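Here is the structure we will look at.
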Amino acid sequence: MPIASLPRIAALAGAALVAALSALPAQAHPHVWVTTMAEIAYGEGGRVTGVRHAWTFDASYSAFVTQGLDKNNDGKLTPDELAGLAAENTANLAEFAYFTKMKVGGKEQAFTDPVEPRMAMEGDKLTLSFLLPLKSPVAQGRGVTALEVYDPTFFVAFSLAEGADAARLAGAPAGCAATLTRPKTETPDAKTGDAKTGETKPGMSEAFFEALTSASNYGLQFANRIIVACP
């Protein structure tokens, strides 16, 4: 199924962020830009237990998706008014594997249902946060934990936030440290979409992007990676 109908969310107002992703044919280049922060959570015995995401959507999409949610018409969107949308968003992300991959000690991990969904409007941008637990907590030991966040079809462009808060460790064993790898903003033959204008710069043809489906993995080269190493 092509990841291409995210804009349909506006018509549904309170529907899930990705529930309708299969409704339209693939369209060219990214249409939604998301700035991400991630907190890798550790529990008893230094086991990795999950990841807490915070995704901030671009201003245009934030305005689009929240139409009709200001129930008291006071010009402000509260977490309570956004609660239903937040819950549906996180629940329906399962179909797309939460745009998240995590490996611990070289083994890919499975996630269980997300919890603690929340949305908040800060200025003109909407932020979705949720905790994504592992099905089974796993010991990292001296191995490496690798976290990737990306959309394989590149309909949604994810980018790590600037600053130290882009990747945090909660409860990690002493000495563990995170290294961030951000994707290049340009490919050899084209630039990606402009995060401010949403326009694609000259380079790759529309036909290339229109051919992308949910089986495509073009977006992997734009994956945001957080690598955690422990002594």
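Just the heavy atoms: all of them, side chains too, but no hydrogens, waters or symmetry mates, feed the values below. Treat the numbers as computed from the prediction; the structure is a model and nothing was measured.
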| message | Quick one, Thr56 with Val34, criterion side-chain contact (heavy atoms from CB on, under 4.5 Å). Give me CA distance, side-chain angles, the key distance, then yes/no. | response | CA-CA 5 Å; Thr56 299; Val34 182; 5.9 Å; no
| said: Membership question, hydrophobic clusters at under 4.5 Å side-chain separation (ILVMFWY): are Phe57 and Phe96 in the same one? | reply: yes
| message | Check for me, please, whether Met37 and Leu160 land in the same ILVMFWY cluster - side-chain distances under 4.5 Å, paths through other members count. | response | no
| request: Only pairs at least two apart or in different chains count here, so list each side chain to side chain donor-acceptor pair (under 3.5 Å) that has a residue in residues 41-50. | output: Tyr42-Gln140
| request: Write down the atom of Leu131, the atom of Pro133, and the distance for their closest heavy-atom approach. | output: O-CD, 3.3 Å
| query | Step by step, would you call Thr145 with Ile227 a side-chain contact (heavy atoms from CB on, under 4.5 Å)? | reply | CA-CA 6 Å; Thr145 292; Ile227 308 296; over 6 Å; no
Taking only distance into account, with no hydrogens and no angle test, what donor-acceptor pairs under 3.5 Å do side-chain atoms of residues 107-125 form with protein atoms, sequence neighbours excluded?
residue : atom : partner : partner atom : Å
Gln109  : NE2  : Lys107  : O            : 2.8
Glu116  : OE1  : Arg52   : NH1          : 2.9
Glu116  : OE1  : Arg52   : NH2          : 2.9

| query | Rounded to the nearest 0.5 Å, how far apart are CD of Glu39 and NE2 of His53? | reply | 11.5 Å
| task | With sequence neighbours excluded, give me every disulfide (SG to SG under 2.5 Å) pair touching residues 132-180. | result | Cys176-Cys230
| What about the rings of Phe158 and Trp55, do their centers lie closer together than 6.0 Å? | yes
| said: Treating Gln67 as the side-chain partner and Phe64 as the backbone partner, does any N or O pair qualify as donor plus acceptor under 3.5 Å? | reply: yes
| field | Pair Val51-Ile226, side-chain contact (heavy atoms from CB on, under 4.5 Å): steps then yes or no | value | CA-CA 11 Å; Val51 55; Ile226 299 170; over 6 Å; no
| message | Closer than 3.5 angstrom, by distance alone: can the side chain of Asp58 be matched with the main-chain N or O of Trp33 as a donor-acceptor pair? | response | yes
| field | N/O donor-acceptor pair under 3.5 Å between Arg225 side chain and Thr179 backbone | value | no
| message | Can you confirm whether Val228 sits close enough to Ile40 that some side-chain heavy atom of one is under 4.5 Å from a side-chain heavy atom of the other? | response | yes
| Can you find a pair of side-chain heavy atoms, one from Leu126 and one from Val65, that are under 4.5 Å apart? | yes
| Is the backbone of Leu93 close enough, under 3.5 Å, to the side chain of Asn89 for a donor and an acceptor to pair up by distance? | no
| task | Could you tell me whether a side-chain N or O of Thr100 sits under 3.5 Å from a main-chain N or O of Tyr98, the two making a donor and an acceptor? | result | yes
| said: Using modelled atom types and a 3.5 Å cut-off, is there a donor and acceptor pairing between side-chain atoms of Asp70 and backbone atoms of Leu77? | reply: no
| With a 6.0 Å cut-off on ring centres, are Tyr150 and Phe99 close enough? | no
| field | Val48/Leu134 under side-chain contact (heavy atoms from CB on, under 4.5 Å): CA gap, chis, key distance, verdict | value | CA-CA 8 Å; Val48 181; Leu134 294 182; 4.0 Å; yes
| query | Taking the side chain from Thr78 and the backbone from Glu81, do they hold a donor-acceptor pair closer than 3.5 Å? | reply | yes
